[in-house]
Amino acid sequence: MTTLTLGKALNMGLRKAMEDDPKVVLMGEDIGKLGGVFRITDGLQKDFGEDRVVDTPLAEAGILGTAVGLAMRGYRPVCEIQFDGFVFPAYNQIVTQVAKIHARSRGRLPMPIVIRIPFGGGIGAVEHHSESPEAYFAHTAGLKVVAVATPADAYFGIQQAIASPDPIVFLEPKRRYWEKADVDTDATPDPLFRSRVLRAGDDLTLLAYGPMVKTALQAATAAEDEGRSIEVVDLRTLSPLDLDAVYESVRRTGRCVVVHEAPTTLGLGAEIAARVTETCFHSLEAPVLRVGGYDTPYPPSKLEEDYLPDLDRVLDAVDRSMGF
Amino acid sequence: MTTLTLGKALNMGLRKAMEDDPKVVLMGEDIGKLGGVFRITDGLQKDFGEDRVVDTPLAEAGILGTAVGLAMRGYRPVCEIQFDGFVFPAYNQIVTQVAKIHARSRGRLPMPIVIRIPFGGGIGAVEHHSESPEAYFAHTAGLKVVAVATPADAYFGIQQAIASPDPIVFLEPKRRYWEKADVDTDATPDPLFRSRVLRAGDDLTLLAYGPMVKTALQAATAAEDEGRSIEVVDLRTLSPLDLDAVYESVRRTGRCVVVHEAPTTLGLGAEIAARVTETCFHSLEAPVLRVGGYDTPYPPSKLEEDYLPDLDRVLDAVDRSMGF
Amino acid sequence: MTALEHATEVVDPVPGTGAPHLPEQPDSGPEFVQLLTPEGERVEHPDYAIDVTDEELRSLYRDLALVRRWDVEATALQRQGELGIWASLLGQEAAQVGAGRALAPDDMAFPTYREHGVAWTRGVDPLHVMSLFRGNDMGGWDPVATGVNLYTVVIGAQTLHATGYAMGLQRDGADAAALAFLGDGATSQGEVNEALIWAASLSAPVVFFCQNNQYAISVPIERQSRVPLYQRASGFGFPGVRVDGNDVLAVLAVTRAALARAREGSGPTFIEAFTYRMGAHTTSDDPTRYRMASELEEWKLRDPIARLKAHLARAGIADAAFFDAVDAEGDELAVRIRTGTLEMTDPAGTEIFDHVYAEQTPDLERQRAEFVAYHASFEGEK
Amino acid sequence: MTALEHATEVVDPVPGTGAPHLPEQPDSGPEFVQLLTPEGERVEHPDYAIDVTDEELRSLYRDLALVRRWDVEATALQRQGELGIWASLLGQEAAQVGAGRALAPDDMAFPTYREHGVAWTRGVDPLHVMSLFRGNDMGGWDPVATGVNLYTVVIGAQTLHATGYAMGLQRDGADAAALAFLGDGATSQGEVNEALIWAASLSAPVVFFCQNNQYAISVPIERQSRVPLYQRASGFGFPGVRVDGNDVLAVLAVTRAALARAREGSGPTFIEAFTYRMGAHTTSDDPTRYRMASELEEWKLRDPIARLKAHLARAGIADAAFFDAVDAEGDELAVRIRTGTLEMTDPAGTEIFDHVYAEQTPDLERQRAEFVAYHASFEGEK
Ligand SMILES: Cc1ncc(C[n+]2csc(CCOP(=O)(O)OP(=O)(O)O)c2C)c(N)n1
Ligand SMILES: Cc1ncc(C[n+]2csc(CCOP(=O)(O)OP(=O)(O)O)c2C)c(N)n1
Ligand SMILES: [Mg+2]
Ligand SMILES: [Mg+2]
């Protein structure tokens with residue numbers, strides 16, 4: 001058992017994956033000597049060399065496009081996108097190529113590519129550094145999308161993602177990079193594409209992923225003081241969604257709230273609301289409520305506290321749900 | 001009153017907009033001498049010259065990026081994306097620039113840019129020519145998204161979109177380009193951002209947009225034979241959504257089905273299901289059901305009939321809804 | 001006078017004049033590699049020598065003739081409604097066969113959607129190409145076994161794939177190279193330019209083979225570049241060369257040299273094969289809207305097959321019997337393609353779900369099951 | 001020997017050797033425009049003459065000194081927690097002031113996030129830049145009134161905006177040009193290369209001003225290009241020129257000439273201003289991880305301000321009183337910036353909703369109302 005920050009857990013997970021499989025190649029901007037702007041790849045170029053930790057030219061389409069070629073040649077590229085808002089130059093390669101080549105080739109060309117994206121806000125940054133683009137990827141068939149919330153999931157999740165034969169958008173909650181927890185690196189991890197109930201409860205099912213998991217847990221604790229018993233689920237996988245435990249939970253609680261930072265319209269909450277309602281229709285005592293970012297661009301940092309879902313907004317949604 | 005195909009109506013609408021405002025500039029690949037691969041801009045370069053109908057280099061980011069600069073200079077660029085699947089190279093400009101510059105400049109730099117995209121399948125084409133990317137845009141704050149379904153809406157809608165001060169993704173149902181209807185070019189058109197009830201009914205509310213409107217109407221007619229009265233709504237505007245009439249309808253019918261070609265997961269149907277459920281919770285007798293494309297890449301054309309929602313799949317959903 | 005006034009000479013310095021399009025047609029000079037004149041005469045180029053046996057020359061001719069025959073048959077099948085669309089290679093046979101024949105077995109080709117001639121030289125079954133244009137699949141061949149990637153429709157995207165593949169070759173220490181095909185229009189895509197940047201930066205063993213067929217659908221080359229395309233490369237730090245794309249020998253020689261250079265570790269090369277799209281962009285296109293018939297007539301005089309035929313005949317390398325035999329083989333091929341196309345069975349609907357992921361998801365498993373059940377529910381009705 | 005062997009000379013032909021980074025430092029030759037040596041001596045360049053009055057020289061010095069003072073103050077304010085981040089221009093003052101001063105009133109500048117020196121020369125209030133880095137807004141100045149577009153953070157995106165703006169100038173028959181700023185790293189972005197293609201194709205009145213400060217965060221220029229960046233342009237069909245970016249006179253002369261050329265209708269120019277980022281990438285960066293202190297020491301000898309000061313002093317154009325006055329003015333400016341920054345009021349929460357669209361949507365109107373009501377519900381609690 002070691003105490004690790006989420007960032008360090010990723011670093012160790014990457015190192016382990018590189019040791020286990022010589023075909024793993026890291027690519028990205030500033031990931032070499034600098035170790036990435038968040039130091040997630042710290043020390044890896046020094047130990048594995050410039051052929052396995054590639055400081056690329058400043059071009060995200062280039063990173064993803066060459067990753068496709070490397071994958072065709074049997075490599076397992078792990079691409080770092082420096083910040084969420086800079087994934088869009090690579091969007092064409094991700095959506096029209098990475099996501100489609102397995103289907104196009106009828107399985108002859110697997111695309112075991114991991115796209116690491118530090119995502120979400122709350123770090124006081126300038127424009128494009130605090131976004132939550134997950135819905136764009138979860139709507140794209142051919143991709144899988146996961147979001148980690150804890151050091152342990154970060155450590156194991158990055159290894160599982162790299163070992164997976166499919167392209168995976170791997171979302172890292174950047175504002176939680178410095179948060180610590182115990183990690184048992186010898187444990188047998190949960191499967192990657194599985195949600196997890198973090199806290200049992202009877203009155204309402206609260207769903208979150210990535211940076212909002214902590215907020216959801218805090219909300220559940222606060223609600224407890226008011227005598228409300230909230231079940232908290234960390235979704236972990238955004239595509240495919242793993243909602244069986246959620247359905248089971250909602251059938252018991254009759255109420256459901258989903259939290260994410262991304263703009264609410266067509267955010268993950270929309271899909272989850274639609275599915276939960278379709279599956280648990282007769283059990284629902286209130287509509288599934290969503291707590292998300294507003295349908296606006298991410299604001300200047302002085303306004304991000306107003307923009308982001310927080311404890312109070314989650315509790316407000318809980319109240320509204322209970323009021324139905 | 002003239003009988004026009006949807007394609008010709010667009011052509012005439014563009015011509016009218018160019019006559020009305022000398023700042024309107026069309027940009028795109030092959031839109032000049034060729035008149036576009038669908039001939040939507042036929043004859044316009046001949047009549048308005050190469051400065052107003054620009055055959056661009058083959059680069060979609062270039063089209064949208066230069067459109068931003070033209071807009072800053074007071075022009076109203078109308079950009080044609082040749083096919084839905086080729087909008088992705090422009091995605092970065094659309095999402096990080098076109099959509100954000102009004103907010104970034106706190107209103108000092110309006111972006112009256114229209115992005116015309118022939119969308120949807122059913123034309124027997126090869127890969128990337130039959131996609132429905134609307135959810136990507138509707139999830140993007142700062143953009144507006146409309147989809148036309150009829151020649152009259154095409155004729156007026158394109159003019160309204162061009163006159164609008166905000167950036168608009170204007171979706172044209174390509175497989176309906178050749179369908180005809182009467183257009184009264186002297187009529188006063190409905191507002192652009194308004195949905196429209198096309199057919200009244202009491203048992204179920206059926207929503208569609210773009211190419212699926214015709215399918216929805218056919219389904220309603222077929223259902224009538226079985227004694228079911230279906231209300232059909234053409235959404236017309238996908239962002240912002242205009243659901244007031246839908247809520248009113250669902251409060252009466254208690255049932256709602258949404259149809260679109262795009263993959264179901266995180267398609268427009270998800271958002272509509274979430275909102276309708278939240279707003280009409282106590283009136284619903286069944287969950288909002290969705291009929292969409294499968295969560296797969298658009299298949300080779302021999303399989304598109306299997307892939308696309310059709311009359312039977314809509315009726316099947318109607319049956320399922322009635323069965324709740 | 002400032003340095004800025006030493007502007008590079010441009011193709012058409014007056015923007016937007018709408019002058020009739022007259023592609024410049026170089027046919028000599030050291031900047032244009034030609035080994036066989038339009039009249040079929042062998043000429044020498046100071047930088048490129050080529051040793052070809054008579055046998056090889058005949059076999060090159062055979063390839064050119066057969067891919068043209070295939071193309072004619074495919075166009076006919078499309079007209080008859082048996083293909084959704086067809087992208088003709090008419091006029092570009094030499095560029096494609098020359099480039100394809102330059103490849104060594106371990107090299108990998110990254111075609112656009114038009115390189116049927118390349119596919120042919122690598123042994124891809126034409127029916128595996130036909131199935132794509134029929135709408136059965138997205139290319140039926142095995143890219144790994146054939147050394148030909150599947151066709152890529154999004155303009156230019158494959159140039160980055162080729163560059164990444166070359167990075168893989170580099171890491172493997174393989175004695176092989178990647179050959180990325182692209183059109184003149186594709187040179188305007190950002191991703192293509194990124195591929196040039198990456199290839200240069202990483203000294204990747206990749207050759208960019210640009211068929212400048214003068215048009216991107218209706219848009220003439222002048223809209224994409226005011227200067228010859230091969231000049232693009234030097235600004236990125238590697239050599240560019242312009243070759244007569246209708247001269248199969250010159251294309252073979254230049255591509256071989258470039259691939260050898262790449263395999264040796266000397267980095268990328270950009271080849272501009274100067275050629276002409278003699279047909280429509282695809283069967284959906286109507287070139288009369290944007291180009292003059294006279295232009296085509298001029299280019300017919302540079303026909304890539306006629307010139308090799310003239311050379312073979314004049315030099316006594318092949319006789320009438322040989323040409324007749326190739327024609328007969330072409331007719332057989334055409335029959336095989338026609339019959340094979342007509343006999344193709346439509347794909348099963350479940351194909352929609354079966355290859356999206358290597359590890360199927362529960363969501364798609366469920367959608368597949370629903371699909372199967374839904375279709376089974378109609379069984380009785382038929 | 002084939003033509004392919006005439007490869008262009010490259011900066012570092014051995015990929016991945018991880019050799020210590022030693023930026024090549026040209027300081028003479030016709031390929032490198034310099035009018036003022038690092039020692040402050042005026043020299044002539046065959047293509048670029050410049051006539052500057054003593055008054056102008058002093059005013060250029062003043063600009064250089066004041067923007068550096070601003071930069072120092074902003075860095076300090078960031079360290080004290082008053083700014084979220086700061087992107088320092090240290091070392092790039094001459095490139096920015098020279099380029100900014102070359103602009104005519106109707107020209108339009110398209111900066112990245114680092115061109116505080118350009119903003120300064122155009123009269124943008126430094127506090128309007130500070131408000132961005134403080135997180136109050138995304139730039140408080142009026143881009144239309146100042147002729148300086150808002151900062152663009154997505155690397156390279158603004159180069160296309162500048163090109164489109166130039167297309168607009170062309171259509172308006174305006175006697176003006178657009179000046180697009182970009183970094184060395186930005187040259188690898190596809191969009192930047194598309195901007196070069198469009199500018200060439202449409203002969204747009206735009207000048208690309210690339211500050212090659214040797215690094216893209218930690219990545220040295222060799223990763224982006226093996227050949228000097230100014231050479232990129234000729235492959236696209238327009239001139240490229242390399243100027244000593246630490247020589248304000250040379251930058252002014254070269255940029256003026258390029259803008260004049262653009263306004264005359266002769267199309268784009270690419271300027272590579274060879275300079276050095278003397279500070280960190282931003283206040284979040286730690287350059288000791290990727291570059292040697294000795295490198296910085298070398299570049300200090302080329303300091304852009306010291307050299308102009310030396311020239312002014314040596315040539316008797318300015319005396320100690322002048323330099324003292326500028327210093328004093330700098331201190332006043334610093335006080336104004338500090339006080340103004342500290343006095344800024346936080347933006348109202350409703351700002352989130354108020355500028356997304358020109359025509360507000362009912363959805364956002366509702367979200368705004370909910371936001372207001374929600375926050376009002378806490379009023380009592382405070
Ligand atoms: C990104 C993208 N944009 C647009 C298209 C539509 N399109 C198909 S072919 C083509 C022209 C390509 O021209 P060129 O590169 O010269 O190749 P050619 O067809 O002449 O062989 C266009 C615009 C596309 N396939 N991909
Ligand atoms: C599309 C995109 N990718 C990544 C980044 C993150 N980033 C910010 S600055 C920078 C380096 C830019 O280098 P250069 O163009 O040389 O400009 P400089 O900062 O040196 O002035 C990077 C990678 C970004 N802003 N945009
Ligand atoms: Mg072409
Ligand atoms: Mg730099």
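Every chain is numbered from 1, with letters handed out A, B, ... down the list of sequences.
- If you measure heavy-atom distances from C:Asn136 to chain B, the contacts under 4.5 Å come from both the backbone and the side chain.
- Expressed to the nearest 0.5 Å, how far OH of B:Tyr294 lies from CZ of C:Phe353 amounts to 5.0 Å.
- Closest approach of B:Pro89 and C:Gln189 over heavy atoms only: CB-OE1, 4.1 Å.
- To the nearest 0.5 Å, atoms CD (B:Glu127) and CE (C:Met138) are separated by 4.5 Å.
- Heavy atoms closer than 4.5 Å to chain C are found in the side chain of B:Asp42, but not in its backbone.
- Only the backbone of B:Thr56 comes within contact range of chain C, with at least one heavy atom under 4.5 Å from a heavy atom of that chain.
- Using a 4.5 Å heavy-atom threshold, the side chains of B:Asp306 and C:His375 count as touching.
- Every salt bridge (Lys or Arg N to Asp or Glu O under 4.0 Å) that B:Arg73 has, sequence neighbours left out, goes to D:Asp172.
- Using a 4.5 Å cut-off between heavy atoms, B:Tyr298 contacts chain C through its backbone alone, with no side-chain atom that close.
- Of the two parts of C:Ile217, the backbone and the side chain both hold a non-hydrogen atom closer than 4.5 Å to a non-hydrogen atom of chain B.
- Pairing each heavy atom of C:Gly349 with each of B:Leu303, the nearest pair is CA-CD2, 3.7 Å.
- Partners of B:Tyr75 according to the ring pair (Phe, Tyr, Trp, His ring centres under 6.0 Å) rule, which considers only residues two or more places apart in sequence or in another chain, do not exist here.
- For C:Arg134, the parts lying near chain B are the backbone and the side chain together; criterion is any non-hydrogen pair under 4.5 Å.
- Only the side chain of C:Asp285 comes within contact range of chain B, with at least one heavy atom under 4.5 Å from a heavy atom of that chain.
- With a threshold of 4.5 angstrom between heavy atoms, C:Tyr374 approaches chain B through side-chain atoms but not through N, CA, C or O.
- With chain C as partner, the option from B:Leu34, B:Thr296, B:Thr264, B:Asp30 having the largest number of non-hydrogen pairs under 4.5 angstrom is B:Asp30.
- Comparing C:Asp286, C:Asp184, C:Val153 by heavy-atom pairs within less than 4.5 Å of chain B, the highest count is held by C:Val153.
- Using a 4.5 Å cut-off between non-hydrogen atoms, the part of residues 311-324 of chain B that approaches chain C consists of B:Asp312, B:Arg313, B:Asp316.
- By the neighbour-count criterion of 12 heavy atoms within 6.0 Å, atom CD of C:Glu370 is densely surrounded, having more than that number from other residues, nucleotides or ligands.
- Here the straight-line distance linking atom CD of B:Glu60 with atom CD1 of C:Ile155 works out to 8.5 Å at 0.5 Å rounding.
- In this structure, B:Leu58 and C:Gly185 approach most closely via the heavy-atom pair CB-O, 3.4 Å.
- Heavy-atom pairs under 4.5 Å with chain B were tallied for C:His281, C:Glu191, C:Gln367; the largest tally goes to C:Gln367.
- Looking at C:Pro347 and B:Lys302, their side chains come closer than 4.5 Å, going by heavy atoms from C-beta outward.
- Under the 4.5 Å side-chain criterion, counting only non-hydrogen atoms from C-beta, C:Ser284 is not in contact with B:Val37.
- In this view, C:Glu115 satisfies the salt bridge (Lys or Arg N to Asp or Glu O under 4.0 Å) rule with no residue, not counting sequence neighbours.
- In terms of heavy-atom proximity, B:Pro57 sits nearest to C:Gln224 at CA-OE1, 3.4 Å.
- Under a 3.5 Å cut-off, the side chain of C:Arg223 and the backbone N or O of B:Asp55 do form a donor-acceptor pair.
- Between chain B and the residues C:Asp363, C:Val154, C:Ile85, C:Leu132, the most heavy-atom pairs under 4.5 angstrom are made by C:Val154.
- With a 4.5 Å cut-off on non-hydrogen atoms, C:Leu364 touches chain B through its side chain but not through its backbone.
- Only the backbone of C:Ala348 comes within less than 4.5 Å of a heavy atom of chain B; no side-chain atom from C-beta onward does.
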